[in-house]
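Heads up: the structure comes next, in structure tokens.
Since we're looking at a predicted model, the values are computed, not measured. A, B, ... follow the sequence lines: proteins, then strands. Residue 1 opens every chain.
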Amino acid sequence: MEPFESLFRRESGRLVAALTRVFGVHNLSLAEDVVQDAFCRAMEVWKFSGVPQNPGGWLLTVARNRALDVLRRERTARTFAPELTRLLESEWTLVPTLDEQLSPHAIKDDLLRMMFSCCDPRLREESQVALVLHILCGFSVDEVAGAFVAKHAAMEKRLTRAKKVLAESPRLFDIGDAAEFSTRLPVVLRSLYLLFNEGYHGASAEFAVRTDLCREAMRLAALLQDHTVGATPATDALLALMCLNAARLPARTDPAGDLLALADQDRTKWDRSLLDEGERLLQRSARGPELTTYHVEAAIAWVHANAACAEATDWRQIVALYDMLMAIRPSPVVALNRAIAIAQHQGPDAGLEAIAAIEDREKLASYPFFPAALAELELRAGRTASAQRHFREAVRLARNPAERRFLEQRESACVASAEE
Amino acid sequence: MSEYLFLYRGGSRPTSPQDAQVVMQQWMTWLQDLAKRGHVKDQGQPLEPTGKVVAGKQKTITDGPFAEAKDLVGGYTLISATDLSEAAELSKGCPIFDRGGSVEVRPIMKM
């Protein structure tokens with residue numbers, strides 16, 4: 001049987017999206033309540049009878065019946081989706097209309113509409129991602145707070161405010177409007193990218209890698225890619241990037257959950273099928289006029305994935321790709337990664353020079369991998385005292401125990417090499 | 001072997017789907033274990049918290065039951081056990097106790 005959590009996360013998003021479409025976006029919280037109630041009821045029954053063969057189908061039926069109750073009971077007191085009002089008012093059309101809206105094809109559209117609605121430009125990026133996790137992935141407020149290392153109360157406030165903005169929009173996003181769609185698509189892709197990164201590099205209190213977040217981001221990106229209107233080259237590139245990075249996840253931490261540097265990873269543990277899928281998508285993404293950061297980042301991940309070991313990596317190509325990335329979307333973190341690639345290619349002092357040349361270096365002040373990079377390069381240049389000092393600073397900035405242990409280990413390796 | 005009815009009373013309702021999932025899994029584990037050991041005659045079902053009560057010679061129908069939440073029967077299971085004390089012992093694994101509920105163990109009357 002599929003783990004229950006993933007069933008819930010998938011079905012919850014589908015059902016909330018579909019019911020919001022029927023109830024109208026102003027009744028978002030009603031849709032959430034109905035879905036939540038359906039889940040609780042289903043589980044109340046399943047605790048006696050066991051989980052049925054097709055739990056997703058069961059949940060859909062329970063939610064449908066609850067929705068029917070609500071529509072009948074409240075149709076005089078509430079207005080539902082304006083374009084469906086007439087059909088929902090008459091007993092003749094109520095059931096067929098609801099069933100039509102809950103057909104697999106309609107739900108697929110509604111999920112995408114909801115995804116685009118959550119990524120409302122009136123909301124800040126972190127609110128968009130929080131909303132996506134909460135509504136489309138069925139994460140509770142606590143789980144969303146956990147994903148972003150935020151306090152429950154703060155996250156509740158953020159989500160409440162975001163939902164209010166969403167509920168004030170006249171309807172769910174119209175994915176049929178080509179112009180609006182292509183304006184909103186980059187916002188959606190960015191949001192899914194941030195979600196993936198939060199899992200991959202996130203500052204979670206306990207875990208260095210939150211695979212569940214990565215998996216959810218990939219699931220949503222795949223949904224987008226699976227839809228005729230969503231399958232753009234940029235979507236392909238984003239999904240390629242996710243696949244190529246996720247392929248390394250099994251090797252990225254040791255059995256104790258501690259981070260491993262790329263050079264120390266057991267490359268046989270990389271997931272071959274994800275690498276192949278990433279490569280296929282990357283090839284497919286190379287069409288149309290647009291070169292996005294996802295294309296370039298996926299290409300970087302692809303170069304890494306194709307090196308038999310760290311030494312065999314084509315660093316010259318990686319530096320060139322980072323140059324391209326700096327041209328599209330410059331940032332100090334990208335510049336730092338570029339400097340590290342330069343060091344691999346031309347030696348530690350060239351790398352340090354490139355770091356010294358990063359324009360807005362001060363923005364990296366609280367990023368632990370900034371002093372860690374300085375330390376690694378100083379160490380390689382044989383200046384252990386300076387390396388040690390930078391490692392200590394990196395340890396001080398570590399955002400979770402796994403990062404701290406990783407950096408502490410590097411620091412003691414540095415001490416050991418000083419004593420040799 | 002004799003038959004006993006477990007009546008599940010009270011117990012806080014799950015606060016979220018995640019919580020409901022935890023409760024469900026605990027119950028399934030417990031009931032499956034009892035079934036494996038041959039004690040389950042009928043796994044039973046949950047009951048809606050609402051209903052009607054019909055009472056008196058007039059057979060008056062009222063909304064109900066109006067029991068307090070802690071006394072409300074939320075479900076039942078038919079168990080087989082050698083005697084009442086074994087049946088009571090078997091009920092001790094029920095997850096309802098973690099949530100402030102109780103199990104009433106009642107022997108089915110025999111002729």
- Note on the structure: From the list Leu172(A), Thr20(A), Val25(A), side-chain contact (heavy atoms from CB on, under 4.5 Å) with Arg113(A) holds only for Leu172(A)
At a 4.5 Å cut-off on heavy atoms, which part of [X] comes close to chain A: side chain, backbone, both, or neither?
X	value
Tyr76(B)	backbone
Gln45(B)	backbone
Gln26(B)	neither
Thr77(B)	side chain

- Note on the structure: Greatest number of non-hydrogen atom pairs under 4.5 angstrom with chain A, of Ala20(B), Gly44(B), Pro46(B), falls to Pro46(B)
- Message: With a 4.0 Å cut-off on N to O distance, would you call Arg158(A) and Glu156(A) a salt bridge?
- Response: no
- Message: Please check: side-chain N/O of Ser80(B) versus main-chain N/O of Lys41(B), any donor-acceptor pairing under 3.5 Å?
- Response: no
- Message: Given 3.5 Å as the limit, does a donor-acceptor pair link the side chain of Ser12(A) with the main chain of Arg9(A), or not?
- Response: no
- Item | Between Phe39(A) and Phe8(A), ring centroids under 6.0 Å | yes
